Protein chains: 2
Amino acid sequence: MTYRKLTIEDIAHQAGVSRATASRVLNKAPGVSAELRMRVDRVVADLGYRPNAAARALASGRRDALDLVVIACHGDISLFGAQPYYSRVIAGVLAALAGTDTQLRVNVAGSADAPELIERVAQSVTAGAVLVNVSPELAARFHARCRRVVSLGATAAHVPAVEPENSRAAYDAINFLHRIGCRRIAAIHGPDCNTCAAGRRAGHLEAVRELGLPDIAVDGGFRREGGYAAATRLLAEHPDLDGIFAACDMMAAGAVQAITDAGRRVPDDIAVVGFDDSAVAACVSPPLTTMRLPVEQMAAAATRALLEGAAAPHWRRFFPVEMVVRNSTGPDAALLLPPAHPVSALAGRR
Amino acid sequence: MTYRKLTIEDIAHQAGVSRATASRVLNKAPGVSAELRMRVDRVVADLGYRPNAAARALASGRRDALDLVVIACHGDISLFGAQPYYSRVIAGVLAALAGTDTQLRVNVAGSADAPELIERVAQSVTAGAVLVNVSPELAARFHARCRRVVSLGATAAHVPAVEPENSRAAYDAINFLHRIGCRRIAAIHGPDCNTCAAGRRAGHLEAVRELGLPDIAVDGGFRREGGYAAATRLLAEHPDLDGIFAACDMMAAGAVQAITDAGRRVPDDIAVVGFDDSAVAACVSPPLTTMRLPVEQMAAAATRALLEGAAAPHWRRFFPVEMVVRNSTGPDAALLLPPAHPVSALAGRR
DNA sequence: CATAGACGCGAGAGCGCTCTCAACGGAACC
DNA sequence: GGTTCCGTTGAGAGCGCTCTCGCGTCTATG
């Protein structure tokens with residue numbers, strides 16, 4: 001096979017048509033007779049021609065790519081590799097992209113580099129960008145500049161978004177812990193600049209208020225070590241702790257370790273609920289009771305919205321978060337699953 | 001701010017220079033006086049101009065992107081989300097890409113779609129492509145077609161590669177298990193089409209032969225459930241099993257669970273060694289002794305090689321795999337760490 | 001002082017594609 | 001037969017940039 005660079009001109013010439021017609025066929029545009037269409041298609045297949053993406057993008061203004069944008073809190077990019085969450089997002093996006101020949105570009109930047117990233121994304125947008133837990137302000141700026149944008153996670157009101165019911169899930173988790181007998185419940189949260197973390201914090205707070213429990217919370221930075229440190233500190237400051245809600249499984253894993261290292265037992269002394277139901281949840285011992293976040297589905301939904309151009313300014317799609325009961329909340333906890341949707345206190349909540 | 005599309009022409013005009021000069025400044029090309037350079041830079045900054053990537057790519061033949069290529073075994077794309085390995089690869093690539101304004105494109109395809117993917121990558125190569133555990137044959141085809149390619153993991157002889165010492169690590173792991181007293185050691189391997197899996201399998205085989213142990217091995221598909229199923233089967237078929245080497249931590253985690261569920265204890269009855277030292281390794285109970293794969297560093301090295309154009313046909317870089325001893329091989333196992341490099345049997349080995 | 005070379009700069013020709021517009025032929029209508 | 005109209009096709013003008021080439025200026029060299 002020869003690897004001389006093929007152009008649409010070669011195809012047109014070979015097929016005995018004009019460049020314009022070849023282009024029409026390539027783009028499945030109407031207004032070409034069946035015969036010519038077939039002829040061009042044949043030549044394309046025979047020669048193994050693939051249109052040059054750059055030229056196409058330049059001429060049409062369109063892009064064959066979709067951007068995934070992750071803004072790292074405090075510029076700490078390493079969380080990307082440490083959190084299973086992100087690869088689930090990518091997997092979800094890729095699933096939705098399969099078949100399309102849109103490609104995925106992954107952009108991870110610290111918030112300091114966000115303006116530059118916005119420009120970069122802006123100039124190449126067509127399929128659009130999926131913003132992963134980007135702060136509402138930043139999301140609004142992305143939206144203003146790039147238009148085709150969907151936020152994964154809560155965001156500014158006019159920015160299209162796919163939202164997990166973070167707040168409700170955290171609310172449920174706390175209530176669940178209360179129901180199985182915990183009276184001294186602490187939360188280990190994620191960094192404030194993460195919208196998911198904020199939502200879970202809000203749900204925790206509301207539940208705790210309603211139940212008349214003290215608001216005990218620390219930041220674990222969405223990391224295992226952070227969870228370990230947080231739990232260690234909580235244990236020291238609140239010796240009577242009997243329940244921990246961690247805003248992600250990695251932190252929950254760290255917390256379980258800390259509890260064990262401190263000579264206490266999970267779930268006997270302290271019950272632990274995680275969040276995400278990531279791959280680690282089942283690996284922890286005891287396996288984590290956790291709030292299952294349908295990350296892949298959410299990412300896929302965001303991607304599809306982008307592909308279909310359905311991302312109207314106020315477009316919004318909510319995803320329920322389901323509780324998965326394992327052993328970190330005790331052997332009989334499954335019997336105490338929360339009622340499907342406790343209507344009362346939660347009316348109007350997301 | 002106005003969002004009219006800026007072109008290099010605008011910049012040139014504003015700065016009172018020609019398009020060519022503006023282009024030179026933007027590309028930091030030599031042959032421009034300091035004064036004009038400054039003037040252009042100022043205008044660029046003032047107007048917030050960013051060159052159009054598509055036009056640049058078209059005109060220069062260069063690309064501002066780097067491809068990450070993952071070929072899923074048996075077309076099973078879901079492994080991507082389930083294995084922490086991949087997000088570590090991405091993290092490593094992104095780390096090396098930070099500062100450059102090269103973007104990362106993630107391509108995941110089943111082997112059936114590989115030819116199409118090759119074409120897609122070929123037509124846009126400049127920074128090049130990092131092939132993640134792609135089979136030697138496929139890697140060779142990528143290399144033939146796309147040139148600038150680096151394989152992550154063992155590959156065809158002439159394809160540039162970053163290789164972990166998989167075989168040696170597996171060899172060490174088995175010997176370690178033997179040294180701590182295991183005499184009936186089984187391996188849970190990854191799928192054959194994965195080059196890393198193959199390397200680990202080879203090391204296991206060699207060690208087992210040298211030690212005069214039986215070759216007991218099953219495939220766990222690099223998944224937790226696979227590890228669980230494999231261990232369950234192994235336990236049933238070889239009741240006297242006293243050591244398991246799993247080719248990744250996820251499978252090791254599954255194995256530990258299976259062992260526990262079968263009423264046996266880790267490490268007392270059966271010692272377990274994992275591979276990767278991924279985030280789950282420390283979460284498992286007992287924490288996994290594992291072979292630390294410097295995934296991020298390897299991915300970064302591959303990326304840098306691509307960026308620097310240093311990927312000569314036979315270019316190769318090896319990364320040692322370090323053993324991390326935790327509790328899944330017994331409390332005193334750390335004392336029995338293998339000598340730094342047992343020269344004898346391993347001479348010439350990678 | 002003439003010539004050569006070095007340097008800085010601009011003109012202009014593409015890169016490979018898309019898309020508008022005009023032209024053409026044939027069918028339908030008056 | 002003339003007109004209109006539609007479906008089909010090709011010509012050609014860009015898209016925004018890079019890069020070669022040549023021109024003019026300025027400094028060494030004989």
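Note that the coordinates shown come from a computational prediction; the quantities given were computed from them, not determined experimentally.
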### Message
Tell me which pairs pass salt bridge (charged side-chain N to carboxylate O under 4.0 Å, His left out) where either residue lies in residues 128-142 of chain B, with sequence neighbours left out.
### Response
none
Whole angstroms only, please: what is the [atom1]-[atom2] distance between [X] and [N]?
X      : N       : atom1 : atom2 : value
I8(B)  : dC15(D) : CD1   : P     : 15 Å
R19(A) : dG12(D) : CZ    : P     : 10 Å
R37(A) : dT8(D)  : CZ    : P     : 9 Å
L58(A) : dG14(C) : CG    : P     : 17 Å
N52(B) : dC15(C) : CG    : C1'   : 13 Å
H13(A) : dA11(D) : NE2   : C1'   : 16 Å
L26(B) : dC17(D) : CG    : P     : 8 Å
Y49(A) : dG16(C) : OH    : P     : 10 Å

### Query
Within the structure shown, what part of the strands sits under 4.0 Å from L36(A) by heavy-atom distance: base, sugar-phosphate, or nothing?
sugar-phosphate
#### Entry: Option among L104(B), T102(B), L152(B), L306(B) that satisfies the side-chain contact (heavy atoms from CB on, under 4.5 Å) test with V93(B)
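Among the candidates, only L104(B) passes.
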### Parallel, tilted or perpendicular, as decided by the 30° and 60° cut-offs, for the rings of H158(B) and H143(B)
perpendicular
### Query
Which comes earlier along DNA chain C counting from the 5' end, the contact point of A55(B) or that of R24(B), where each point is its nearest nucleotide?
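Of the two residues, R24(B) wins.
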#### Entry: 5' precedence on DNA chain C between A22(A) and G16(B) (nearest-nucleotide basis)
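The residue closer to the strand's 5' end, by nearest nucleotide, is G16(B).
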### Message
Under a 4.0 Å threshold between the charged nitrogen and the carboxylate oxygen, would D46(A) count as salt-bridged to R42(A)?
### Response
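Between D46(A) and R42(A) there is a salt bridge, with a charged N closer than 4.0 Å to a carboxylate O.
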Do any side-chain nitrogens or oxygens of [X] fall under 4.0 Å of OP1 or OP2 in [N]?
X      : N       : answer
S33(B) : dC9(C)  : yes
S23(B) : dT18(D) : yes
S60(A) : dT18(C) : no

Selected nucleotide, minimal atom distance to [X] side chain, candidates [options]:
X      : options                   : result
T21(A) : dG16(C), dT18(C), dG10(D) : dG10(D)
T7(B)  : dC17(C), dA11(D), dC17(D) : dC17(D)
N27(A) : dT18(D), dT18(C), dC15(C) : dT18(C)
V32(A) : dC17(D), dT9(D), dC9(C)   : dT9(D)

### Task
For D192(B), look at atom CG and say whether over 12 heavy atoms of other residues, nucleotides or ligands are found less than 6.0 Å away.
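Check fails, neighbour count at 12 or below.
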